[in-house]
A.B. asks: 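For reference, the structure I am asking about is given below.
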Amino acid sequence: MNIRAAEEESAQEIHIPADIDWEMLDKSKFFFLGAALFSGVSATLYPVVLVKTRQQVAQAQISGIRTAFSIVKHEGFRALYRGFGTSLMGTIPARALYMAALEVTKSNVGSATVNFGIPEPTASAIANAVAGLSAAMAAQLVWTPVDVVSQRLMVQGTHPTCSSPCRYVNGIDAFRKIVKTDGPKGLYRGFGISILTYAPSNAVWWASYSVAQRLVWGGIACYFRKKDDESNDNGNSSSSSNNNNTIRPDSKTVMAVQGVSAAMAGGVSALITMPLDTIKTRLQVLDGEENGRRGPTIGQTVRNLVKEGGWLACYRGLGPRWASMSMSATTMITTYEFLKRLSAKNQESLV
């Protein structure tokens with residue numbers, strides 16, 4: 001997403017390509033291409049997510065690299081994609097819900113905040129935060145059951161620290177056994193804390209992304225102004241001066257700024273929400289041996305984590321999650337902006 005506020009504030013320095021809102025999109029192309037593009041992104045990042053999940057349910061602190069090598073050594077390379085089919089089948093509808101809720105909310109809230117007289121930079125950050133919040137809540141309705149099943153499959157292996165007392169043949173078998181043991185509510189184990197994890201995380205991410213983009217574009221504008229001043233001091237006329245001091249970044253520069261801003265926002269979001277994600281994963285994956293057939297409570301999960309490794313245990317898997325969220329954010333946002341441009345009804349209006 002490009003920040004219109006940045007475009008207006010730096011209009012004499014940097015001309016940023018126009019933003020694309022919900023009304024400008026060809027919806028059928030948007031969802032069809034989105035499913036294909038994001039399936040590829042999910043396939044690329046899935047091993048990192050699996051390693052992070054294994055670390056979170058392990059009884060002791062193990063590095064991400066060591067965990068990955070252990071998985072490949074004991075279970076083979078294919079184990080890095082255990083549960084991927086189930087995850088992919090849920091990702092497509094969840095992502096469609098996410099994108100629709102994101103764009104509709106962002107467009108409506110952005111217009112409403114500007115109409116209330118809120119400055120556009122602030123309005124953009126608010127619109128992004130509210131859109132991220134609503135998109136995450138909508139997607140979790142579909143994603144939580146898929147997350148429960150895929151994470152059960154992720155931690156199922158021959159390595160003793162990752163073994164589960166219940167064995168699953170595939171995603172369908174896991175789905176059937178979870179429903180048989182815990183009922184339909186078993187598929188929504190951790191739903192509340194998933195909302196508490198992903199909703200604020202998305203709000204923080206989109207707001208941070210909005211602010212980060214403005215900061216990066218502002219830094220680029222300062223760089224070119226300084227370069228222009230040095231050129232003028234040396235008696236050379238700059239190209240920007242001959243064009244009313246307007247700089248028109250190419251598509252590669254725009255994508256680079258979006259990617260850097262997304263990575264910055266992903267790192268901030270991962271650090272803030274890591275403890276909640278660890279608790280959520282434990283709730284969804286571990287069986288409640290202390291309560292018979294009932295799953296562990298949030299309080300029991302926190303106590304077990306603290307008993308195993310102190311409060312730092314809540315940050316197990318931070319490295320892979322930080323890397324995963326930063327890489328995912330970078331690839332997601334560049335893919336997402338590329339998708340929006342491919343799906344725009346009027347391509348001439350984008351320049």
Side-chain angles (χ1 to χ4, degrees), residues 46 48-62 67 82-83 86-87 90-91 94 136-157 161-168 171 173-202 269-318 320-322 324-325:
Y46 192 81
V48 180
V49 177
L50 185 139
V51 170
K52 182 267 299 182
T53 302
R54 290 286 185 99
Q55 282 188 283
Q56 289 176 319
V57 301
Q59 299 296 312
Q61 179 70 39
I62 306 173
T67 301
R82 182 169 285 130
T86 300
S87 177
T91 295
M137 294 179 70
Q140 282 306 308
L141 293 172
V142 174
W143 181 247
T144 298
V146 175
D147 205 22
V148 170
V149 173
S150 63
Q151 287 190 125
R152 292 288 186 98
L153 293 171
M154 282 181 189
V155 302
Q156 178 175 269
T161 60
C162 299
S163 295
S164 171
C166 191
R167 312 300 297 176
Y168 308 113
D173 182 55
F175 179 91
R176 187 173 60 250
K177 287 179 178 177
I178 292 170
V179 171
K180 182 179 179 180
T181 302
D182 300 326
K185 68 178 182 179
L187 295 171
Y188 280 89
R189 180 183 289 182
F191 177 73
I193 201 166
S194 291
I195 293 293
L196 290 175
T197 301
Y198 291 120
S201 174
N202 272 264
S269 181
L271 185 62
I272 292 174
T273 60
M274 185 67 208
L276 288 172
D277 186 68
T278 300
I279 296 167
K280 173 194 72 70
T281 300
R282 287 247 174 165
L283 283 171
Q284 291 178 331
V285 169
L286 300 183
D287 293 313
E289 297 173 357
E290 298 171 343
N291 295 330
R293 302 179 78 178
R294 289 176 51 217
T297 64
I298 293 176
Q300 289 171 335
T301 301
V302 173
R303 284 195 295 272
N304 289 338
L305 274 168
V306 174
K307 187 187 299 182
E308 289 170 15
W311 289 104
L312 285 178
C314 294
Y315 282 87
R316 281 179 185 163
L318 176 61
R321 187 167 190 254
W322 185 298
S324 174
M325 286 192 70

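Owing to the predicted nature of the structure, the values given are computational and were not obtained by experimental measurement. Heavy-atom basis, side chains included; hydrogens, waters and symmetry copies ignored.
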A.B. asks: Within the structure provided, determine whether Gln140 and Asp147 are in side-chain contact (heavy-atom separation under 4.5 Å).
C.D. replies: no
A.B. asks: Let me know which of Arg152, Lys177, Arg176 forms a side chain to side chain donor-acceptor pair (under 3.5 Å) with Tyr168.
C.D. replies: Arg152
A.B. asks: Within the 4.5 Å heavy-atom criterion, are Leu318 and Leu271 side-chain neighbours or not?
C.D. replies: yes
A.B. asks: Looking only at heavy atoms, what is the nearest atom pair of Ala199 and Ala136, with distance?
C.D. replies: CA-CB, 3.8 Å
A.B. asks: CZ/Phe191 to OG1/Thr144 distance, rounded to the nearest 0.5 angstrom?
C.D. replies: 5.5 Å
A.B. asks: Can you tell me if Ser87 uses its side chain to pair, donor with acceptor, with the backbone of Gly83 under 3.5 Å?
C.D. replies: no
A.B. asks: Enter the distance from Ser194:OG to Asp277:CG here, rounded to the nearest 0.5 Å.
C.D. replies: 8.5 Å
A.B. asks: Looking at Ser269, is its backbone amide N or carbonyl O close enough to the side chain of Ser201 to form a donor-acceptor pair, meaning the two atoms are under 3.5 Å apart?
C.D. replies: no
A.B. asks: Could you measure the distance from the CZ atom of Arg282 to the CD1 atom of Ile298? Nearest 0.5 Å is fine.
C.D. replies: 14.5 Å
A.B. asks: How close do Thr86 and Ser150 get, heavy atom to heavy atom, and via which atoms?
C.D. replies: CG2-N, 4.4 Å
A.B. asks: Step through the shown structure and confirm whether more than 12 heavy atoms of other residues, nucleotides or ligands are within 6.0 Å of OH on Tyr46.
C.D. replies: yes
A.B. asks: Within this structure, what is the CD-CG distance for the pair Gln151 and Leu283, rounded to the nearest 0.5 Å?
C.D. replies: 10.5 Å
A.B. asks: To the nearest 0.5 angstrom, please state how far the CG atom of Leu196 sits from the CD1 atom of Ile279.
C.D. replies: 10.0 Å
A.B. asks: Nearest heavy-atom pair of Val149 and Gly171: which atoms, and what distance?
C.D. replies: CG1-O, 3.7 Å
A.B. asks: Testing the basics here: between Pro184 and Val179, what is the closest heavy-atom pair and its distance to 0.1 Å?
C.D. replies: N-CG1, 4.3 Å
A.B. asks: Identify the heavy atoms of Trp143 and Ala94 that sit nearest to each other, and give their distance.
C.D. replies: CB-CB, 4.2 Å
A.B. asks: Find the distance between OH (Tyr315) and CG (Leu305) and round it off to the nearest 0.5 Å.
C.D. replies: 12.5 Å
A.B. asks: Where is the tightest heavy-atom contact between Arg54 and Val155, given as atom of each residue plus distance?
C.D. replies: NE-CA, 3.4 Å
